[in-house]
**Student:** 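Below you will find the structure I want to go over with you.
One-based numbering along the sequence shown.
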Amino acid sequence: MNANNGIISQPSPYSVTETIDRLEAILQAKGITIFARIDQRAEAKKVGLSLRPTQLLLFGNPKAGTPLMVAEPTIALDLPLKVLAWEAVDGKVWLSYNDSDYLKQRFSLSDELVKNIAVITPLINQALQ
């Protein structure tokens, strides 16, 4: 796991689709809302362009996110939370997401509020097992 400009990227042993399927199932089991799933490769194909497998999942919990937006309205630029599964040129699949500590600093969130979004890390780790 490494952080680059506030982005954490972790290797996935699964395909892009299976990685997102696994995370989506875990989030749904926890009662977390899936707002959108975007297959960016399919969208590129529609306009005659090629892209390696790439899918973006937008999800969250209004009970957790709303207090963050009340404290700092501009955090809505980063909410709902997003996770990107993508295949690198070498065929390795990665799962990337914003580091909650980065969001904490970017929006001057309290330790108490950042807990509302930090819960994503163990769920991601579970999906990658």
Side-chain angles (χ1 to χ4, degrees):
M1 179 164 65
N2 58 13
N4 183 0
N5 293 324
I7 299 170
I8 295 173
S9 292
Q10 294 181 246
S12 173
Y14 309 104
S15 70
V16 166
T17 298
E18 190 176 352
T19 298
I20 294 294
D21 287 347
R22 290 173 62 85
L23 181 58
E24 193 171 16
I26 289 166
L27 295 172
Q28 288 175 330
K30 296 280 186 188
I32 297 171
T33 303
I34 305 298
F35 293 108
R37 180 173 177 167
I38 303 166
D39 183 338
Q40 292 172 316
R41 181 185 204 183
E43 295 301 317
K45 193 174 186 177
K46 288 179 189 176
V47 295
L49 299 173
S50 63
L51 180 67
R52 298 192 72 74
T54 306
Q55 291 189 28
L56 182 70
L57 190 66
L58 284 77
F59 61 92
N61 178 336
K63 285 185 179 180
T66 301
L68 295 164
M69 290 183 272
V70 167
E72 181 49 66
T74 59
I75 198 171
L77 290 167
D78 285 311
L79 296 178
L81 293 173
K82 297 164 202 67
V83 172
L84 180 71
W86 55 282
E87 183 181 291
V89 176
D90 63 6
K92 288 183 182 171
V93 174
W94 295 87
L95 196 62
S96 301
Y97 58 100
N98 283 322
D99 182 353
S100 57
D101 287 334
Y102 168 79
L103 294 175
K104 177 183 176 183
Q105 290 179 319
R106 182 174 184 195
F107 297 104
S108 301
L109 301 174
S110 68
D111 288 341
E112 195 59 35
L113 281 176
V114 83
K115 289 178 188 174
N116 291 9
I117 52 177
V119 299
I120 183 56
T121 302
L123 300 178
I124 286 172
N125 291 338
Q126 184 180 343
L128 295 175
Q129 289 178 350

**Student:** Any donor-acceptor pair under 3.5 Å linking the side chain of N116 with the backbone of A64?
**Tutor:** yes
**Student:** In Å, rounded to the nearest 0.5 Å, how long is the span from OG1 of T19 to CD of E24?
**Tutor:** 12.5 Å
**Student:** Are the side chains of N5 and Y102 in contact, using a 4.5 Å heavy-atom criterion?
**Tutor:** no
**Student:** Hey, could you give me the CG/CG distance between L123 and N125, rounded to the nearest 0.5 Å?
**Tutor:** 9.0 Å
**Student:** I'd like to check L56 versus R37 (side-chain heavy atoms, cut-off strictly below 4.5 Å). Are they in contact?
**Tutor:** no
**Student:** Below 4.5 Å, heavy atoms only, C-beta onward: do V114 and L103 meet side chain to side chain?
**Tutor:** no
**Student:** Testing the basics here: between S100 and I117, what is the closest heavy-atom pair and its distance to 0.1 Å?
**Tutor:** CB-CG1, 4.2 Å
**Student:** With the side chain counted from C-beta on, respond yes when R22 and Y14 share a heavy-atom pair under 4.5 Å apart, and no when they do not.
**Tutor:** yes
**Student:** Indicate whether the side chain of T74 and that of E72 have a donor and an acceptor atom separated by less than 3.5 Å.
**Tutor:** yes
**Student:** Taking the side chain as every heavy atom from C-beta outward, state whether Q10 and Y97 have any atom pair closer than 4.5 Å.
**Tutor:** yes
**Student:** What's the separation between atom CG in L27 and atom CD1 in I120, rounded to the nearest 0.5 Å?
**Tutor:** 5.5 Å
**Student:** Can you name the nearest heavy-atom pair linking L128 to P11, along with the distance?
**Tutor:** CD1-O, 3.8 Å
**Student:** Does a donor on one side chain and an acceptor on the other come within less than 3.5 Å for W94 and S12?
**Tutor:** no
**Student:** As an exercise, state the distance from NZ of K63 to OG1 of T33, rounded to the nearest 0.5 Å.
**Tutor:** 10.5 Å
**Student:** Is there a side-chain contact between V16 and T54 in this structure, where contact means two heavy atoms from C-beta onward sitting under 4.5 Å apart?
**Tutor:** no
**Student:** Before accepting this row, confirm whether a basic side-chain N of the pair E87/K92 lies closer than 4.0 Å to the acidic partner's carboxylate O.
**Tutor:** no
**Student:** Shortest non-hydrogen contact from L79 to G65?
**Tutor:** CD1-O, 3.9 Å
**Student:** With sequence neighbours excluded, what pairs up with K104 under the salt bridge (Lys or Arg N to Asp or Glu O under 4.0 Å) test?
**Tutor:** D111
**Student:** Side-chain heavy atoms under 4.5 angstrom apart, residues restricted to Ile, Leu, Val, Met, Phe, Trp, Tyr: same cluster for I20 and V93?
**Tutor:** no
**Student:** State, to 0.1 Å, how close R52 and A88 come at their nearest heavy-atom pair, and which atoms those are.
**Tutor:** NE-O, 2.9 Å
**Student:** Look up atom CD1 in I32 and atom CG in N61, then write down how far apart they are to the nearest 0.5 Å.
**Tutor:** 6.5 Å
**Student:** Between K46 and D39, is there a salt bridge with N-O shorter than 4.0 Å?
**Tutor:** no
**Student:** Looking only at heavy atoms, which two atoms of P122 and V119 are closest? And how far apart?
**Tutor:** CD-O, 3.2 Å
**Student:** Quick one, F107 and D78 - any side-chain contact, counting heavy atoms below 4.5 Å?
**Tutor:** yes
**Student:** Report whether M69 and L113 are members of the same hydrophobic cluster (ILVMFWY, side-chain heavy atoms less than 4.5 Å apart, transitive linking).
**Tutor:** yes
**Student:** So how far is it from I124 CD1 to L95 CG, rounded to the nearest 0.5 Å?
**Tutor:** 5.5 Å
**Student:** Report yes if the side chains of Q40 and L84 come closer than 4.5 Å at any heavy-atom pair, otherwise no.
**Tutor:** yes
**Student:** For residues S96 and S9, report the shortest heavy-atom separation together with the two atoms involved.
**Tutor:** OG-OG, 2.6 Å
